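The chains referred to below are lettered A, B, ... by the order of the sequence lines, with proteins before strands, and numbering in each begins at 1. The basis for the numbers below is simple: all heavy atoms, side chains too, and nothing from hydrogens, waters or symmetry mates. These numbers were taken from a predicted model, which means no experiment stands behind them.
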Amino acid sequence: MKIDFIPIDYDYFDFEDRNYIRIIGRDKRGRRVCVIDSCPVYLWAVLIDGLKESKIKGLVENIENIRLNIKGRHTKVEKVELREKNFLSKRVKALKIFATNYKDLHDIADKLDFPEIQNRRGYDLGFITHYIIEKKFSPLQWHEIEGNVLDGSGEFGGIDKGLQVDICIKLQSHKKLEASVFTPKVLAYDIEVDELKIGEGEILMVSLVSENFKKVITWKKPNKKLDFVEIVKDEAELLKKFVHHVREISPDFLVGYFSDGFDLPYLKTRATKLEIPLALGLDDSQPRFFRAGAGRSLGTGKISGIVHVDLMRFIQTAYSQYMQSETLSLNEVSKEFLGDTKKDFKFKHSSKIKKEEWDSYFEYNLHDSVLAYGLFQKFWSDMLEFTRVMQEPVFSVTRNGMGSNVEDYIIHNLSKFNEIPEKRPTYDEISERRRKEKYEGAFVFEPIPGLYEDVAIFDFTSNYGTTIVTYNLSKSTLLKEKAKDAHHIEIEGKDVYFSKEPGFFPEMLREIIEKRKKYKQELKEKPDVIKQARSNAFKLLANAAYGYQGFFGARYYCREAAAATAAFAKKMIKEVIEKINLQGFKVIYSDTDSIAFLIKDKSEKETLKFLEQLNKELPGIMELELEGFFTRGLWVTRRTGTIGAKKKYALVDKAGRLKIRGFETVRRDWCHLARELQNKIIRLVLEDGNEIRALQYLKGVVKKVKKREISKEEIMIRTMLQKPIEEYKAISPHVIAAKKMRELNIPVSGANMIEYFIAETREKKSLVREKVKLPEEKGEYNIEYYLSRQILPAVENIFQVFNINVTEITEGKRQTKLGDF
DNA sequence: GAAGTGGATATACC
DNA sequence: ACTGGTATATCCACTTC
C-alpha cells in the first residue's frame with residue numbers, strides 16, 4: 001500500500017526484545033494512520049589515536065561477544081563496524097556498535113571499558129530521537145510511504161488491535177514530499193472546580209471546543225435552556241462523557257491552557273478517585289505524567305496517539321520576550337493575540353453560587369476553551385515550524401525551553417558534519433559547572449543625563465551569534481594551548497585561543513543566521529504566516545545559541561566560548577563607539593549590541609552612508625543596522641547620586657511614537673497611578689522639549705491624590721510571588737499580602753500575582769508592610785506613601801534634567817525655584 | 001532610635 | 001534546572017553610634 005502520510009506523534013514499544021516505533025499521523029484524505037517501523041540500534045566507541053589494525057581487530061572481536069540479560073531481555077552486540085568519523089570536529093576512528101535493544105545501550109557502554117576506547121557516545125539520545133535521525137522520518141512533514149497493512153494480523157503481538165486508527169501500516173519505505181498544507185483536528189478543553197489544589201475538589205464542568213463543536217458537560221443545572229450545556233448525573237458521569245466526546249472527535253491535538261499543571265492532572269486524579277478509566281489514548285490508555293525534574297518544575301501529561309498541548313508553555317518560550325502582556329494569564333494573552341478576553345465571572349465556591357449565576361459560569365467555562373482554541377490557531381504555524389526546524393515531535397517542541405530547542409537542532413544536524421554526538425553532562429558535571437563563577441558579560445555605556453535632540457541608533461544584527469561565527473567560538477574549536485594562527489582574546493587575565501579551522505557548532509550557527517536572513521527577506525517580499533514563523537524560529541535559535549554554550553545543562557557547554565563571545569563583542573562595540581565619535585558624532589549611550597548617538601550637524605543620509613562604511617570594516621559576518629532616527633531622547637540620573645542611569649531611557653520618533661525602556665512606566669510592580677503619570681510626563685517632555693506642560697500635569701495629579709480622588713484600581717501594586725511563602729527570608733509587603741490572602745482563603749492566581757495597596761493606619765507605623773491591605777479590605781490609601789514612594793520616585797529624575805527639584809511639589813511645600821504656574 | 005549599609009527580592013534590558 | 005550577564009530600585013534586616 002502506498003499513501004501520503006504526515007507523522008504527528010511518536011511512541012515506541014518492545015517486541016521480542018527489539019524496539020519498534022509507532023507513529024500516529026494522517027493521510028491526505030484525513031484518515032488516521034498508524035505506522036510501525038524499526039531501525040538499527042547502535043552506539044559509538046571513539047578509539048584512541050594511532051591504533052594498529054590488529055589491535056582494532058582484537059578489540060572488535062571482544063566487543064562482538066558482549067551479551068546482556070537485563071530484566072529478562074536478551075541483548076547482544078550484533079555487529080561492529082569501523083568508521084571514519086568526527087568527534088568534536090576532530091577526525092577519529094570509531095566503532096559503530098550495533099545492539100538489540102536501545103534501552104540496553106547504556107549497559108553495553110558500561111562494558112566497553114577498554115584502554116583502546118577513549119569515549120563512548122550516542123546512547124543517550126532517546127529512541128525516538130535516534131529513530132528520527134536514523135530514518136530521516138521527521139515530524140509534520142509530508143511523506144510518501146509504502147508498506148503492508150496490518151489487518152488485525154496479530155503481528156507484533158496484535159499491537160494494531162484495539163487501536164483507534166483507520167489504517168495500520170508496517171513501513172517499508174518512505175520519501176519526503178514537497179511541503180503542503182496540513183490542517184490538524186483540534187479540540188480545546190477547560191475545567192472548572194471548587195478547590196484549586198489538584199484533585200481536592202469536585203470537577204463541576206468541562207468545556208470542549210472544536211470546529212463546529214461547542215459543549216459544556218456539567219452535573220449542575222442551568223437556569224435557562226442553553227444549547228451547549230449537556231447535563232449529566234454526577235462527576236463520574238461527567239468524566240465518562242468527557243472521555244466519550246474526546247474519543248468521538250478523535251483530535252490530533254488536545255489543547256489546554258496551563259493544562260499540564262492543572263486540567264489534565266486534575267482530571268486524572270479525580271478519575272482515579274472515582275475509579276473511572278480516563279481512556280483518552282488511541283490504545284485506550286490513560287494519560288501518563290512525567291516529572292520534568294526535581295523541585296517545583298511542571299510535569300507533563302502525555303496521551304498516547306493524541307498530542308496534548310499546553311499552550312502556555314509554548315507561548316512562554318517562543319513568544320513571552322516579545323509580548324506586551326505583563327503576565328501569561330489566558331486573559332491577557334488572549335487580549336493581545338485574539339483581541340478577546342475571558343468572560344466575567346467572579347470565582348466562588350459552588351455552594352455560594354446562586355441559581356441564576358450558573359448560566360454565566362457555563363458561558364465563562366465555554367469561552368475559556370474558545371480562547372484556547374483561538375490561540376492554538378494563532379500559534380499553529382509557529383508550532384509547526386518549530387517542529388520542522390528542531391525535528392523533534394510537537395509534544396516535546398511545545399514544552400521545551402530554548403536551551404533544549406538549540407540542542408535538538410544540533411543533534412538533528414550533526415550528520416551533515418559526520419559528527420558523533422556529545423553526551424549529556426552527568427549530575428556531578430552539572431554541579432561543577434554551576435559552581436563556576438559568572439564570567440564578564442556585556443558593556444553598558446554610562447549616559448550623561450539630559451534631553452537630547454536628533455538621536456540615531458545602530459545595532460548589531462544577531463550580535464552574539466555573528467560573533468560566534470566570525471571568531472569560530474565553540475567547545476570543539478577551543479585550543480588547549482597558545483597557537484599562532486588562531487583567534488585569541490583575554491578572559492579573566494588569561495588569553496584563550498580558538499582554531500580557525502571551522503567547527504561544526506559555529507558552522508551550524510552560520511547556516512541558522514543565513515536562513516534567518518533569507519526567510520526574513522522572503523517574508524518582506526511576500527508575507528505569509530509560515531515564513532513569519534520560520535523566520536522567527538531561526539531568529540530565536542540564533543539568539544539562544546550564545547546562552548546555550550554557557551548553559552550548565554548543555555551537551556556542548558563551553559564556558560570559555562561563552563565568555564569569549566561576550567569579550568569579542570565587547571571589544572567590537574567599543575571600537576565602533578570610538579569610530580562613531582571620531583567621525584564627528586557623539587555617542588551618548590550603548591548597551592550590549594546597540595549604540596545611540598547624536599547626529600549633530602550631519603544629515604540622515606550622511607549617517608546612513610557612514611553606516612555602510614562601518615559595515616565594510618567589520619570582520620566576518622558581523623553587521624550593523626539602523627535601528628532608527630529619533631527626534632528626541634531622554635536619559636536620567638539614577639535615583640541616588642548624579643550619575644546617569646543605565647537601561648533606562650525614552651525616545652520619540654518623527655511619527656510621535658514613543659520607545660520607553662526601563663522606566664517605571666514599563667515595570668509591572670509599580671501602581672498604575674505612578675506608571676501612567678510617568679508615561680504622560682515622558683510624552684510631554686519629549687514632545688515639547690521642555691518641562692512646562694509636564695510640571696502642570698504633575699501638579700494636577702498631586703492635587704487629586706491629596707484630595708483622595710484616585711480610584712482604587714489606580715493604586716494597586718502587583719508583585720509576583722516567586723516561591724512558597726515559607727521560603728522567604730525577608731518579609732516584604734507582597735509576602736504579607738500573600739499571607740493575608742491565605743488567611744482569608746482568597747485563591748492566589750495561577751500566575752501567582754499578588755495585589756495590594758498601602759493604607760493609612762491609626763497608629764504611626766514605620767514599616768511599609770505594616771500598612772499593606774488587600775483590594776477587598778476596607779481602608780483609605782496612604783497619601784504620604786503614594787506621593788513620596790510612588791509618584792515622586794517616578795518623576796523626580798525626569799525633572800532633575802531641567803534642574804527642577806520636584807520634592808517640594810509632591811510634599812506640598814511652597815515652591816521657591818520656579819515662580820508660579 | 002536614627003542613620004547607614006548590605007542582602008533579599010522583583011523586574012527590566014539586551 | 002531547562003539559554004547568558006548587567007542593571008535599577010525597594011524594602012527589610014542588621015549594625016553602629
Is there a side-chain contact between [X] and the phosphate of [N], meaning an N or O under 4.0 Å from OP1 or OP2?
| X | N | value |
| --- | --- | --- |
| A:H734 | B:dA10 | yes |
| A:Q722 | B:dT11 | yes |
| A:K723 | B:dA8 | no |
| A:R639 | C:dT8 | no |
| A:Y589 | C:dA7 | no |
| A:R668 | B:dT11 | yes |
| A:Y322 | B:dC13 | no |
| A:R667 | B:dC13 | no |

> With A:E326, which of A:R718, A:R667, A:R675 fulfils salt bridge (Lys or Arg N to Asp or Glu O under 4.0 Å)?
Replying inline: A:R675
> With respect to A:P393, which candidate in A:I132, A:V307, A:T129 satisfies the side chain to side chain contact (heavy atoms under 4.5 Å, CB included) definition?
Replying inline: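 Running side chain to side chain contact (heavy atoms under 4.5 Å, CB included) over A:I132, A:V307, A:T129 with A:P393 returns exactly one hit, A:I132.
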>> Go nucleotide by nucleotide along DNA chain C from the 5' end; which of A:E664 and A:Q321 gets its closest nucleotide reached first?
In response: A:Q321
> Does A:P793 or A:A730 map to a spot on DNA chain C nearer the 5' end, using the closest nucleotide for each?
Replying inline: A:P793
If I take atom [atom1] in residue [X] and atom [atom2] in nucleotide [N], what distance separates them, rounded to the nearest angstrom?
| X | N | atom1 | atom2 | value |
| --- | --- | --- | --- | --- |
| A:N752 | B:dT11 | CG | C1' | 16 Å |
| A:I736 | C:dC11 | CD1 | C1' | 12 Å |
| A:L473 | C:dG4 | CG | P | 18 Å |
| A:R555 | C:dT3 | CZ | P | 15 Å |
| A:I725 | B:dA10 | CD1 | P | 12 Å |
| A:F445 | B:dC13 | CZ | P | 20 Å |
| A:L721 | B:dA10 | CG | P | 7 Å |
| A:R769 | C:dT10 | CZ | P | 18 Å |

Could you check which of [options] has an atom nearest any side-chain atom of [X]?
| X | options | value |
| --- | --- | --- |
| A:W670 | C:dA9, C:dG5, B:dC14 | C:dA9 |
| A:N797 | C:dG5, C:dA1, C:dA9 | C:dA9 |
| A:P733 | B:dA12, C:dG5, C:dC11 | C:dC11 |
| A:K729 | B:dA8, C:dG4, B:dA10 | B:dA8 |
| A:K647 | B:dA10, C:dA7, C:dC11 | C:dA7 |
| A:I731 | C:dA13, C:dG4, B:dA12 | C:dA13 |
| A:R434 | C:dA1, C:dT3, B:dC14 | C:dA1 |
| A:D591 | C:dT6, C:dG4, B:dC13 | B:dC13 |
| A:L767 | C:dG4, C:dC12, B:dC14 | C:dC12 |

> Could you state the interatomic distance from OG (A:S474) to CG (A:L509), rounded to the nearest 0.5 Å?
Replying inline: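 CG of A:L509 is found 10.0 Å from OG of A:S474.
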Give [X] one of three labels, base, sugar-phosphate or nothing, depending on what nucleic acid heavy atoms sit under 4.0 Å from its own.
| X | result |
| --- | --- |
| A:A562 | nothing |
| A:Y427 | nothing |
| A:E440 | sugar-phosphate |
| A:G403 | sugar-phosphate |
| A:Y728 | sugar-phosphate |
| A:F663 | nothing |
| A:G553 | nothing |
| A:K646 | sugar-phosphate |

>> Go through it in stages, so that I can follow the logic: the residues are A:R555 and A:E407, the test is salt bridge (charged side-chain N to carboxylate O under 4.0 Å, His left out), and I'd like the CA-CA distance, side-chain angles, deciding distance and then a yes or no.
In response: CA-CA 8 Å; A:R555 286 174 195 259; A:E407 195 149 285; 3.2 Å; yes
>> Apply ring pair (Phe, Tyr, Trp, His ring centres under 6.0 Å) to residues A:H734 and A:Y728 and explain how you reach the verdict.
In response: CA-CA 11 Å; A:H734 82 291; A:Y728 281 89; 5.6 Å; yes
>> For A:K335, I'd like to know if atom NZ has over 12 heavy atoms of other residues, nucleotides or ligands within 6.0 Å.
In response: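 No - once you tally the heavy atoms of other residues, nucleotides and ligands closer than 6.0 Å, there are 12 at most.
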>> So for atom OH, which belongs to A:Y322, do other residues, nucleotides or ligands contribute more than 12 heavy atoms lying within a distance under 6.0 Å?
In response: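 Yes - once you tally the heavy atoms of other residues, nucleotides and ligands closer than 6.0 Å, there are more than 12.
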>> ring pair (Phe, Tyr, Trp, His ring centres under 6.0 Å), that's the test. Do A:F386 and A:Y409 meet it? Break it down for me.
In response: CA-CA 10 Å; A:F386 260 65; A:Y409 183 89; over 10 Å; no
> When the P atoms of B:dA10 and C:dC2 are considered, how many whole Å apart are they?
Replying inline: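 Those two atoms are separated by 15 Å.
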